[in-house]
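First listed ligand is number 1; within each ligand, the first listed atom is number 1.
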Amino acid sequence: MNIILFGPPGAGKGTQAERLVSERSMIQLSTGDMLRAEIAASSELGIQAKKVMDAGELVSDNIMIRMIELRMSTDEAKAGVILDGFPRTVNQAEALDEMLSNNGVAIDHVVEICVNEDALFDRIATRASQSEKVRDDDNADVLKQRLKVYRDNTAPVLPFYRDKGILSQVDGMLSISEVAEKISEVLDS
Ligand code: AMP
């Protein structure tokens with residue numbers, strides 16, 4: 001099974017993806033984590049991406065599509081993936097569709113984790129205060145921009161999946177374990 005966890009920054013996609021990894025034999029593909037690994041390795045891509053990420057903008061579609069294409073072609077990905085943070089544009093969604101159909105597979109479920117925007121500012125502040133290494137993009141100013149980018153570029157991906165009949169919504173304001181339960185219900189439906 002291949003699924004996408006969808007939602008604005010701070011919605012809990014990463015947390016829920018990690019739970020699914022330990023509960024089901026699927027791997028998590030988080031493009032944000034991949035980019036942070038590039039930054040940690042001080043690669044050319046990491047250096048370029050950091051500027052874009054710190055500004056709350058999106059890394060280019062070409063780079064992101066190539067990055068996901070490489071991971072999707074591995075044997076472990078064939079058992080099923082949880083995409084977290086990808087696709088973030090309609091272009092990325094279309095490229096993903098093509099990539100999967102070339103391999104004879106498809107996305108089975110897109111789960112939108114719905115949250116109240118005001119709560120996101122509190123969550124990001126909490127995440128920043130609890131992490132050992134604070135993300136440079138986890139602050140109120142950058143979050144404002146990330147939310148704008150979400151509304152302008154990422155939310156328009158939702159109709160693409162709604163039209164395919166594979167979009168479900170869960171209430172992301174519930175507790176972590178309640179959200180996990182709702183996601184499991186969708187995946188088992
Ligand atoms: P995340 O950890 O998913 O919140 O991603 C952190 C940042 O990485 C985002 O704000 C973007 O700058 C960049 N990023 C992650 N995934 C993508 C993507 N699919 N397309 C473009 N930029 C991305």
Side-chain angles (χ1 to χ4, degrees), residues 2-21 27-73 77 81-100 107 110-115 117 119-128 130-158 160-161 172 179 183:
N2 297 302
I3 69 163
I4 297 173
L5 292 183
F6 207 93
K13 302 184 291 293
T15 305
Q16 294 299 334
E18 278 163 26
R19 279 184 80 115
L20 287 169
V21 167
I27 60 162
Q28 175 187 8
L29 295 182
S30 157
T31 42
D33 285 350
M34 291 172 203
L35 290 167
R36 282 184 287 277
E38 294 287 339
I39 294 174
S42 300
S43 68
E44 189 55 40
L45 166 59
I47 292 164
Q48 296 304 322
K50 183 167 185 345
K51 294 180 203 155
V52 178
M53 291 162 76
D54 287 355
E57 303 290 347
L58 294 181
V59 175
S60 80
D61 282 342
N62 285 349
I63 290 175
M64 299 316 302
I65 291 165
R66 180 86 194 110
M67 197 174 252
I68 279 292
E69 217 165 17
L70 285 173
R71 307 296 177 110
M72 295 294 282
S73 59
V81 298
I82 305 157
L83 289 164
D84 147 23
F86 186 94
R88 261 179 157 100
T89 64
V90 172
N91 261 342
Q92 291 180 14
E94 286 171 350
L96 175 66
D97 228 35
E98 200 183 320
M99 218 182 280
L100 291 171
I107 295 292
V110 178
V111 183
E112 181 188 4
I113 305 177
C114 303
V115 282
E117 269 201 14
L120 295 177
F121 285 87
D122 295 338
R123 282 194 186 185
I124 294 280
T126 306
R127 181 159 82 186
Q130 290 175 349
S131 303
E132 273 172 34
K133 165 131 189 19
V134 177
R135 282 173 52 168
D136 288 337
D137 59 353
D138 270 354
N139 61 66
D141 283 343
V142 180
L143 178 59
K144 251 184 225 155
Q145 179 58 23
R146 288 161 73 200
L147 285 172
K148 181 180 183 321
V149 168
Y150 178 79
R151 283 191 296 267
D152 294 350
N153 302 89
T154 306
V157 175
L158 290 168
F160 179 82
Y161 292 116
V179 175
I183 294 176

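With hydrogens and angles disregarded, a donor-acceptor distance shorter than 3.5 Å links the side chain of Lys13 to the backbone of Gly7.
Contact residues of ligand 1 (protein heavy atom closer than 4.0 angstrom to a ligand atom; sorted by chain and number): Thr31, Gly32, Leu35, Arg36, Met53, Glu57, Leu58, Val59, Met64, Gly85, Phe86, Arg88, Gln92, Arg135, Asp137, Arg146.
Between Arg146 and Asp138 there is a salt bridge, since a side-chain N of the basic residue sits under 4.0 Å from a carboxylate O of the acidic one.
The side chain to side chain contact (heavy atoms under 4.5 Å, CB included) search around Gln28 returns Ala17, Glu18, Val21, Ser30, Asp33, Asp84, not counting sequence neighbours.
The two residues Gly46 and Ile39 have their closest heavy-atom pair at O-CG1, 3.5 Å. Nearest heavy-atom pair, Thr154 versus Phe6, reported as atom, atom and distance to 0.1 Å: O-CZ, 3.3 Å.
Environment of CZ in Arg123: crowded, with over 12 heavy atoms of neighbouring residues, nucleotides or ligands closer than 6.0 Å.
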